[in-house]
Amino acid sequence: MISETAGDNPKAQHHQSEASVCPDSSDSSSPEPGRLLSRRRGTRTGSSSSINPEESGSIQPLVSIMTSAEFMQSAPLLAHRSKRSLLYKALCFLLLTFQGGVLDFYLIIFTDLYWCSWIATDLVVLSGWGIFFMKNARSKRERACGFHQKSSIFGCNLGEFTYAYLAWLIYVIACTPKVVLILETSILDLIALKVPCGVTGFKIVVLLSAPLLFCLINSIIEDLNGATRHRSQSCFLGTCLDLLDSFTLLEMLLRNEIPAAYLKYTVVTVYFVALAVPVVWLYELTASELRCRWLWARFCSGLVVNAPLLVVRCFQVYVYKMPVSVFMFKNIFFLACKFLELVEQCVAVRGVRRLAGGTNPAQFSHCVSENDMCPHGYVNTLAVTQS
């Protein structure tokens, strides 16, 4: 009788099969309706708490809904970042055009040189920065899609600051001859006599390099609270102090307060060395691994700027009996800090390598290392941050 009822009613047969599957049931042959209902509820609760790979198809709609919601929430933030990046890029081109145009104006009206060569130099710089921004945006899209990143010719991983050092190097190479030609010829005297703003306008134009570097950094920064941004901002502040330090001596040179010719050439050289130092730390920010050579590069970049400036100020104080400048203590302090940083970081890097042994340790990186990059690299990043 029971078998006939089970054969006629497929639902009852289905309930019996569910009850027989459950391991906790001791009386699976004749289940009661209330007990069966509780067992089915328990089975559903257990399946919802633990994800079964065979039932992953039923979870896919939920995942897609959550991803869409997260994307909708992050869309205003992405739009804000893109607008911010476009603003700083426009400021970069504006500063490049204004500074190059004013320097070209000084050179064209007071020299017999071919004026088209100076304008062609500015066009090369502007086109180079345009290519840099396009290449950098392409690299960011590849990183966002999880494509394998190419390495630079020196074995560095191309990241957030891809090709930034090349853009600044092009700018320094184009700007340095113009300023040196104005400083070392009679053009500066003609500017003081015939141009409305005079030497003050020339000083302002030369100092536009610092705002240009600030706009360059902020135009390519992705994570406003990331370690890369903090590192770049600290390097930028150090470069600004070096430029301000060397520019105070450059002002004394313009007022003919530095009598010796070798001191004049030292001041001019150090100023443009300080202007070129960002090439080093912008290139360092693209490196996938922090090695001792980068630490030596940091130390040497600070040494070639602060040591000559300290020597010049010592000559001013002890030979020409000039008052002591506060920047003299800045030079000593920066040299001591660079030396302590070199010793500390070299010891730390060697200690990590010694502990790692022959294995492939995680690289010191300003962003996600190549070990975490894959088609779903963001999942690995979350796993690393949560562990």
Note, [X] side chain near [Y] side chain (heavy atom, < 4.5 Å):
X	Y	result
C314	M328	yes
Q316	L249	yes
V267	S246	no
F339	E344	no
F299	L303	yes
F315	L263	yes
V179	F272	yes
L282	L216	yes

At their closest point, which heavy atom of [X] faces which heavy atom of [Y], and how far apart are they?
X	Y	result
L107	L181	CD2-CD2, 3.7 Å
P308	T266	CB-CG2, 4.2 Å
L275	W168	O-NE1, 2.8 Å
V270	V305	CG1-O, 3.7 Å
I220	N136	CG2-OD1, 3.7 Å
C92	L212	O-CD1, 3.7 Å

Do [X] and [Y] sit in the same hydrophobic cluster, where Ile, Leu, Val, Met, Phe, Trp and Tyr count as joined when their side-chain heavy atoms come under 4.5 Å apart?
X	Y	answer
V124	Y165	no
F98	V125	yes
L123	V172	yes
L241	V277	no
L96	M134	no

What distance do [X] atom [atom1] and [Y] atom [atom2] have between them, rounded to the nearest 0.5 Å?
X	Y	atom1	atom2	value
W296	Q345	CH2	CD	13.5 Å
I182	F110	CD1	CZ	9.5 Å
K178	Q99	NZ	CD	8.0 Å
I221	S85	CD1	OG	10.0 Å
L183	K264	CG	NZ	11.5 Å
F93	F133	CZ	CZ	5.5 Å

Determine, step by step, whether N331 and D245 satisfy the side-chain contact (heavy atoms from CB on, under 4.5 Å) criterion, reporting the C-alpha distance in whole Å, the side-chain angles of both residues, the deciding distance to 0.1 Å, and the verdict.
-> CA-CA 9 Å; N331 300 139; D245 185 8; 2.7 Å; yes
May I ask you to check whether S232 and W281 show a side-chain donor-acceptor distance below 3.5 Å?
-> no
Establish, from distance only, whether the side-chain atoms of T248 and R313 form a donor-acceptor pair under 3.5 Å.
-> yes
Is the charged tip of K330 near the ring of F334: under 6.0 Å from the six-membered ring centre and within 45° of its axis?
-> yes
So does Y320 have more than 12 non-hydrogen atoms from other groups sitting under 6.0 Å from OH?
-> yes
Is it true that atom OH of Y262 has more than 12 heavy atoms of other residues, nucleotides or ligands lying nearer than 6.0 Å?
-> yes
Side-chain polar contacts of residues 189-209 - donor-acceptor pairs under 3.5 angstrom, sequence neighbours left out - could you list them?
{"unit_1": "K203", "atom_1": "NZ", "unit_2": "E251", "atom_2": "OE2", "d": "3.4"}
{"unit_1": "S209", "atom_1": "OG", "unit_2": "Y171", "atom_2": "OH", "d": "2.6"}
{"unit_1": "S209", "atom_1": "OG", "unit_2": "V206", "atom_2": "O", "d": "3.3"}

N/O donor-acceptor pair under 3.5 Å between R229 side chain and N218 backbone | no
Take the angle between the ring planes of Y88 and F214 and call it parallel below 30°, perpendicular above 60°, tilted in between.
-> perpendicular
